[in-house]
Structures are given as C-alpha cells and as structure tokens.
A.B. asks: 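One structure is given below, represented as structure tokens, and several questions about it will come after.
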Amino acid sequence: KAGVTQTPRYLIKTRGQQVTLSCSPISGHRSVSWYQQTPGQGLQFLFEYFSETQRNKGNFPGRFSGRQFSNSRSEMNVSTLELGDSALYLCASSYFSGIYVDEQYFGPGTRLTVT
Amino acid sequence: AQKVTQAQTEISVVEKEDVTLDCVYETRDTTYYLFWYKQPPSGELVFLIRRNSFDEQNEISGRYSWNFQKSTSSFNFTITASQVVDSAVYFCALRSVTGANSKLTFGKGITLSVRP
C-alpha cells in the first residue's frame, strides 16, 4: 500500500501571499489530520477531517483552513502568510473505525518557508 | 486540557547501551490512547505503538519495550541494545476518544543520538 503523500514537498512564499498544500491519504483511510511542526512550538494540531467534515480544530487563526474531498484527499490553505507560518506541515491519515482511536500514519511533510 | 511532558530533551548513548525515554501525561478523561512516534532525520513521523487506557500490559517488540503505568500517568519507552539507526527524535502523544481532546497532543520530543 502506498503511504501518505503530500505535495509539494518544499515551498517558498512571500509574506502576504496564500498557499495551498495537498495530502493524499493511504488507500482506505477516511480521516485526515494536519499538523504544524516548528522548532519552538513543536508539533501542533491544526484540524481533522472525516467524510468531508471537520471533526476537530486546533488553536490556530482563521487564516488556516482546510477541506476534504469525497475521495478523502485533503487540502489546507493558509492565507495572508506571515513569517511565523514557516514550518513543516504534516498530514496524517487513519482509518477511523468510529469505535476506537486508530493510529495515524504521517506523510513526509511540506516544508514551507515564508520570506 | 490534556498535556504530554517529555522532560528529557536530548539523550546521547553509545551503541549497545539500553536507553529509556520517559513520557508523563495529564488528562481528565477516563478513556484515552497513548502513542509513540519516531521522527528520523528524513522528517517523516513513524508510528511505533498505540496503547489504550484500559490496557496496562507492557509490550515488547524486538528491541523495543513499553511500560504503561496509569498510577503514575507514565508511558515509558525502552530501547535495548541501541543501534545507530535508532538515532531520531521520539515523540509521545495522547488522544482522547471524544470531545475537544479527541486530537493528538504531542510532547516536545526527545532527541536520541546513538554513537558508534
């Protein structure tokens, strides 16, 4: 089975621009979560989607948004980029049985640099 | 709110030494799951183990073993006979089943360096 894929792997943007990151989950996985990883704050949860609906959201400003498509693929968008948005953005997928908490499998991440 | 504390930030050992990575968690939920992930230099987080709050049995998988103690809210990870390939950042994480805490909360991570 192919793993979680994320595109692009690297991105350089300028302050004020917007960016869209893409994630394709493992085949059969229905839940997708997004995380931001920075040296200062560590790994922080952004949001989780299941069946095209946002199940949970972390403490990030409204500039961060996401969505999930009917094929479980997901995108996240960051508008009006700030220097502090420079980070590794990780996507994770899980089966989501609805009965217990499944482990999440992570993609390689998108390294976003804002200049 | 839930919290995961990994008090050790960096550990350096010589190959073949045993090493224990500590994890202490806080939650008010009665049903929750604990995880360990490994992040090698390539950056991709690799799932190692999941344990639910009702299963306090220790687990061993090859050179890896985990000790879950609900009484002390700890979920420690031991690598026996460490190898250079074990060098990575290790994260402990917590997730409840429902509500606002039904999201993965990670500790800050422990950087393990195994020297030949």
Side-chain angles (χ1 to χ4, degrees), chain A residues 1-6 8-10 23 25-26 29 31-50 53-60 64 66 87-113, chain B residues 1-10 23 25 27 29-55 59 61 64 66 68 75 88-111:
Chain A
K1 245 185 199 177
V4 178
T5 57
Q6 292 187 245
R9 292 292 312 277
Y10 302 91
C23 171
I26 291 171
H29 282 192
S31 175
V32 173
S33 298
W34 288 89
Y35 298 86
Q36 181 196 65
Q37 185 176 25
T38 59
Q41 299 300 316
L43 275 156
Q44 292 186 285
F45 170 76
L46 280 157
F47 23 65
E48 179 183 16
Y49 287 89
F50 172 72
T53 302
Q54 189 178 86
R55 289 189 70 231
N56 212 335
K57 190 178 187 309
N59 297 322
F60 279 83
F64 291 81
L88 179 65
Y89 289 89
L90 292 162
C91 169
S93 76
S94 63
Y95 175 69
F96 189 70
S97 63
I99 301 170
Y100 54 85
V101 171
D102 304 275
E103 60 271 20
Q104 295 183 357
Y105 292 89
F106 284 77
T110 294
R111 173 74 61 186
L112 172 65
T113 303
Chain B
Q2 53 191 21
K3 185 179 176 183
V4 175
T5 301
Q6 295 181 263
Q8 305 149 308
T9 52
E10 293 184 24
C23 172
Y25 62 93
T27 182
D29 297 317
T30 54
T31 305
Y32 53 88
Y33 286 76
L34 294 160
F35 302 81
W36 275 94
Y37 283 87
K38 171 183 179 180
Q39 188 175 40
S42 60
E44 190 165 333
L45 276 142
V46 177
F47 166 75
L48 295 176
I49 190 171
R50 177 191 67 193
R51 178 62 91 221
N52 76 53
S53 52
F54 297 108
D55 182 3
E59 179 152 343
S61 176
Y64 295 170
W66 291 268
F68 175 30
F75 186 42
V89 182
Y90 290 86
F91 292 95
C92 180
L94 166 68
R95 177 170 178 160
S96 293
V97 177
T98 59
N101 290 331
S102 62
K103 58 187 180 185
L104 263 183
T105 298
F106 285 90
K108 293 292 189 184
I110 301 169
T111 300

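We name chains A, B, ... by the order of the sequence lines, and we start the count at 1 in each one. Just so it is clear, the structure is predicted and the values come from calculations on it, not from any experiment.
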A.B. asks: Between Ser33(A), Gly42(A), Gly107(A), who has the most heavy-atom pairs with chain B when the cutoff is under 4.5 Å?
C.D. replies: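 Ranked by contacts with chain B, first place is Gly107(A).
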
A.B. asks: Distance from Gln37(A) atom CD to Phe106(B) atom CZ, nearest 0.5 Å?
C.D. replies: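 The distance works out to 8.5 Å.
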
A.B. asks: I need the minimum non-hydrogen distance between Glu103(A) and Phe47(B), along with the two atoms involved.
C.D. replies: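 Heavy atoms only, the tightest pair is CB-CE1, 3.2 Å.
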
A.B. asks: Test of understanding: with side-chain hydrogen bond (donor to acceptor under 3.5 Å, both in side chains), list the residues that count as partners of Gln41(A), not counting sequence neighbours.
C.D. replies: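 side-chain hydrogen bond (donor to acceptor under 3.5 Å, both in side chains) list for Gln41(A), sorted by chain: empty.
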
A.B. asks: Using non-hydrogen atoms and a 4.5 Å limit, figure out which bit of Thr31(B) sits close to chain A: side chain, backbone, both or neither.
C.D. replies: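 Neither part.
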
A.B. asks: Go through the atoms of Leu88(A) and report whether side chain, backbone, both or neither lie under 4.5 Å from a heavy atom of chain B.
C.D. replies: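 The answer is the side chain of Leu88(A).
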
A.B. asks: By a 4.5 Å heavy-atom criterion (distance strictly below it), what part of Arg55(A) contacts chain B: side chain, backbone, both, or neither?
C.D. replies: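 Side chain only.
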
A.B. asks: Can you sort out the partners of Tyr49(A) under side-chain hydrogen bond (donor to acceptor under 3.5 Å, both in side chains), two or more places apart, ordered by chain and number?
C.D. replies: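 Scan of Tyr49(A) (side-chain hydrogen bond (donor to acceptor under 3.5 Å, both in side chains), adjacent residues dropped) gives Gln54(A).
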
A.B. asks: Using a 6.0 Å cut-off, check whether atom OH of Tyr10(A) has over 12 heavy atoms from anything other than its own residue.
C.D. replies: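 No, OH of Tyr10(A) has 12 or fewer neighbouring heavy atoms, counting only those of other groups under 6.0 Å.
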
A.B. asks: Report, by ascending residue number, the residues of residues 37-46 of chain B in heavy-atom contact with chain A at a distance under 4.5 Å; give 'none' if the set is empty.
C.D. replies: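 Residues in range: Tyr37(B), Gln39(B), Gly43(B), Glu44(B), Leu45(B).
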
A.B. asks: Let me know if Gln44(A) has heavy atoms under 4.5 Å from chain B in its side chain, its backbone, both or neither.
C.D. replies: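 Neither; nothing under 4.5 Å.
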
A.B. asks: Counting only non-hydrogen atoms closer than 4.5 Å, does Phe47(A) touch chain B with its backbone (N, CA, C, O), its side chain (CB onward), both, or neither?
C.D. replies: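 Neither; nothing under 4.5 Å.
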
A.B. asks: Can you tell me which residue pairs pass the salt bridge (charged side-chain N to carboxylate O under 4.0 Å, His left out) test with a partner in residues 95-109 of chain B, sequence neighbours excluded?
C.D. replies: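 Listed once each, the pairs are Glu48(A)-Arg95(B).
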
